[in-house]
Visitor: 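Shown below is the structure under consideration.
A note on names: the letters A, B, ... follow the listed sequences, proteins ahead of strands, and every chain is numbered from 1.
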2 protein chains.
Amino acid sequence: MTDMPIGEISRRSQVKVPTIRYYEQIGLLPAPPRSEGNRRLYGARDLKRLSFIRHARDLGFEIDAIRTLLTLQDNPAMPCAEADGIARDKLAEVNDRIESLMALKEELEAMVGGCGHNCVGDCRVIEVLANHHKCLHTEH
Amino acid sequence: MTDMPIGEISRRSQVKVPTIRYYEQIGLLPAPPRSEGNRRLYGARDLKRLSFIRHARDLGFEIDAIRTLLTLQDNPAMPCAEADGIARDKLAEVNDRIESLMALKEELEAMVGGCGHNCVGDCRVIEVLANHHKCLHTEH
DNA sequence: ACTTGCTCCTCTAGCGACTAGAGGATGCAA
DNA sequence: TTGCATCCTCTAGTCGCTAGAGGAGCAAGT
């Protein structure tokens with residue numbers, strides 16, 4: 001459990017070795033003690049922190065947001081409005097992204113469906129891209 | 001219509017001035033002729049091309065894909081299977097992204113909804129991030 | 001003891017698609 | 001002529017890694 005080398009914590013946390021070193025470099029993960037031979041030795045706390053980071057990254061949180069989240073986690077007596085705010089902002093962003101991807105999906109489906117695989121001259125894909133007014137959604 | 005300076009083509013195409021110069025630099029947009037005073041002078045063709053690029057970028061196509069699409073557009077006699085393929089790939093990608101964003105949305109909603117705005121110690125947001133097994137979706 | 005092969009170290013540079021800023025030239029109207 | 005907007009080139013920065021060079025450490029097998 002304790003004194004893992006970087007390869008092991010990488011396997012356990014599912015975070016790649018260079019990424020772990022990068023997180024140390026930018027101060028997201030504290031620099032661990034080293035072995036006699038100058039190798040990083042990680043403990044259970046580091047694994048927890050790294051898993052937290054990875055999970056947050058998977059959810060699309062940016063490094064800066066994670067930094068805030070980690071500070072909050074380290075100080076459990078603080079009011080949690082800030083953490084809640086970060087999650088709320090992210091949720092709004094995700095909703096926006098879903099919406100525009102749905103519009104895009106429709107547009108792509110129209111392109112792909114309409115193409116009879118002849119030559120480029122008649123291609124719906126190129127045509128839609130070239131003549132914007134033929135789009136389903138004109139706001140972009 | 002013809003001999004627009006960069007600012008005007010920027011306004012018309014909705015592509016920012018430095019981005020236009022960047023596109024020229026990477027060979028996506030041909031280098032236009034210059035005025036006596038060394039200023040770029042664009043014509044209607046350039047505006048079309050830039051609008052095409054912008055539209056494709058909005059739709060999430062990468063620069064490399066756009067490069068291919070532009071080559072196809074320049075050669076209307078070629079078979080359009082390639083353009084169709086690019087659009088199909090993009091559609092699959094968009095569907096994937098929508099799916100994972102929907103999962104993410106659920107997870108964020110659970111975080112935000114469950115939090116009673118007390119102190120960090122009881123915060124759902126932090127807790128979910130720290131304890132992965134409490135997620136709605138465990139595959140990530 | 002020696003070799004093999006893996007993991008680890010630091011360091012620098014690169015990715016995509018821009019964006020920002022310095023420092024200067026040009027164009028046009030009042 | 002003065003002032004201001006627009007334009008020019010060039011370099012460096014953004015984000016979140018990723019790749020590669022060149023070398024050192026470590027554990028197991030012969």
Side-chain angles (χ1 to χ4, degrees), chain A residues 3-29 31-43 46 49-70 86 89-90 93 97 100 140, chain B residues 3-29 31-43 46 49-70 86 89-90 93 97 100 140:
Chain A
D3 285 0
M4 289 168 269
I6 199 167
E8 194 182 331
I9 202 178
S10 165
R11 244 168 286 121
R12 293 206 196 193
S13 65
Q14 308 270 68
V15 178
K16 285 183 198 154
V17 169
T19 305
I20 296 172
R21 288 197 277 246
Y22 168 73
Y23 286 161
E24 180 181 324
Q25 193 188 307
I26 61 167
L28 205 59
L29 196 67
R34 302 288 184 113
S35 74
E36 296 245 316
N38 197 33
R39 287 157 184 234
R40 289 169 179 83
L41 295 176
Y42 294 97
D46 298 305
R49 197 173 179 93
L50 209 44
S51 304
F52 183 102
I53 295 169
R54 201 206 138 222
H55 192 187
R57 286 296 296 138
D58 276 355
L59 291 179
F61 289 94
E62 284 138 35
I63 297 283
D64 249 27
I66 297 175
R67 221 184 277 275
T68 310
L69 256 13
L70 282 168
I86 292 172
D89 285 358
K90 202 77 224 167
E93 201 187 306
R97 283 232 293 264
S100 62
H140 59 252
Chain B
D3 285 359
M4 288 169 270
I6 199 167
E8 195 181 331
I9 203 179
S10 163
R11 242 169 290 122
R12 293 207 197 193
S13 65
Q14 308 271 65
V15 178
K16 286 183 197 154
V17 169
T19 305
I20 297 171
R21 287 197 280 246
Y22 168 73
Y23 287 161
E24 179 182 326
Q25 194 189 307
I26 61 169
L28 204 59
L29 196 67
R34 302 287 184 115
S35 74
E36 296 246 313
N38 197 33
R39 284 155 186 235
R40 289 168 178 84
L41 294 176
Y42 295 96
D46 298 305
R49 198 174 178 91
L50 210 43
S51 304
F52 182 100
I53 295 170
R54 201 206 140 221
H55 192 188
R57 287 293 299 136
D58 276 357
L59 291 178
F61 289 93
E62 283 138 36
I63 297 283
D64 249 28
I66 297 174
R67 219 184 279 274
T68 309
L69 256 13
L70 282 167
I86 292 172
D89 285 357
K90 203 77 223 166
E93 200 187 304
R97 282 233 292 266
S100 63
H140 59 251

Visitor: Nearest heavy atom decides the nucleotide; on that basis, is A:Arg21 or B:Tyr23 closer to the 5' end of DNA chain C?
Guide: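 On the 5' side of the pair lies A:Arg21.
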Visitor: What nucleotide, of D:dG16, C:dA17, C:dC8, holds the atom closest to the side chain of B:Ile63?
Guide: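 For B:Ile63, the side-chain atoms sit closest to C:dA17.
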Visitor: State plainly whether the residues A:Arg11 and A:Glu8 are in salt-bridge range, i.e. N to O under 4.0 Å.
Guide: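 So A:Arg11 does not pair with A:Glu8 through a salt bridge.
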Visitor: Side chains of B:Arg34 and B:Arg39, heavy atoms from C-beta outward: is any pair under 4.5 Å?
Guide: no
Visitor: Looking at five pairs on each end of the helix from C:dA1-D:dT30 to C:dA30-D:dT1, what is the angle between the two axes, given to 10 degrees?
Guide: 20°
Visitor: Atom CD of A:Glu8 and atom C1' of D:dC26: how far apart are they, to the nearest Å?
Guide: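 The answer, rounded to whole Å, is 15 Å.
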Visitor: Looking at A:Arg49 and A:Asp46, is there a salt bridge between them, counting it only when a charged N and a carboxylate O are closer than 4.0 Å?
Guide: no
Visitor: Rounded to the nearest angstrom, tell me the gap between atom CZ in B:Arg11 and atom P in D:dC7.
Guide: 7 Å
Visitor: Using atom CD1 of B:Ile53 as one end and atom C1' of C:dA17 as the other, report the distance to the nearest whole Å.
Guide: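 Rounded to whole Å, this separation is 13 Å.
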Visitor: Going 5' to 3' through nucleotides 25-30 of chain C, assign each nucleotide B (protein heavy atom under 4.0 Å from a base atom), S (under 4.0 Å only from sugar-phosphate atoms) or - (no protein heavy atom that close).
Guide: BBS---
Visitor: Quickly work out the A:Lys16 NZ to C:dC8 C1' distance and round it to whole Å.
Guide: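 Whole-Å distance recorded here is 18 Å.
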Visitor: On the nucleotide D:dT18, are OP1 or OP2 found under 4.0 Å from the side-chain N or O atoms that A:Thr19 carries?
Guide: yes
Visitor: Taking all heavy atoms of A:Arg57 and all of A:Glu62, pick out the closest pair and write down the distance.
Guide: NH1-CA, 3.9 Å
Visitor: Starting at atom OH of B:Tyr22, determine the distance to atom P of C:dG21, rounded to an integer number of angstrom.
Guide: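 Distance check: B:Tyr22 OH to C:dG21 P gives 19 Å.
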Visitor: Taking the side chain as C-beta and beyond, is there a heavy-atom pair between B:Leu50 and B:Tyr42 under 4.5 Å?
Guide: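 Sidechains of B:Tyr42 and B:Leu50: no contact.
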Visitor: Take atom CZ of A:Arg34 and atom P of D:dC26, then tell me their distance rounded to the nearest Å.
Guide: 13 Å
Visitor: Over how many whole Å does the gap from B:Arg67 atom CZ to C:dA17 atom P extend?
Guide: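 Nearest whole value for this atom pair: 10 Å.
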Visitor: What is the minimum heavy-atom distance between A:Ile66 and A:Ile53, and which atoms define it?
Guide: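 That closest heavy-atom pairing would be CD1-O, 4.0 Å.
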Visitor: Is A:Arg21 paired with A:Glu24 through a side-chain N to carboxylate O contact shorter than 4.0 Å?
Guide: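 Salt bridge between A:Glu24 and A:Arg21, a charged N being under 4.0 Å from a carboxylate O: no.
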Visitor: Heavy atoms only: give me the nearest A:Arg67-A:Ile26 pair and the separation to one decimal.
Guide: NH1-O, 3.0 Å
Visitor: Could you check which of D:dT9, C:dC18, C:dC9 has an atom nearest any side-chain atom of A:Arg40?
Guide: C:dC9
Visitor: So B:His55 and B:Gln14, do their side chains get closer than 4.5 Å, heavy atoms only?
Guide: no
Visitor: Could you state the CD-C1' distance from A:Glu24 to C:dT10, rounded to the nearest angstrom?
Guide: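 The answer, rounded to whole Å, is 12 Å.
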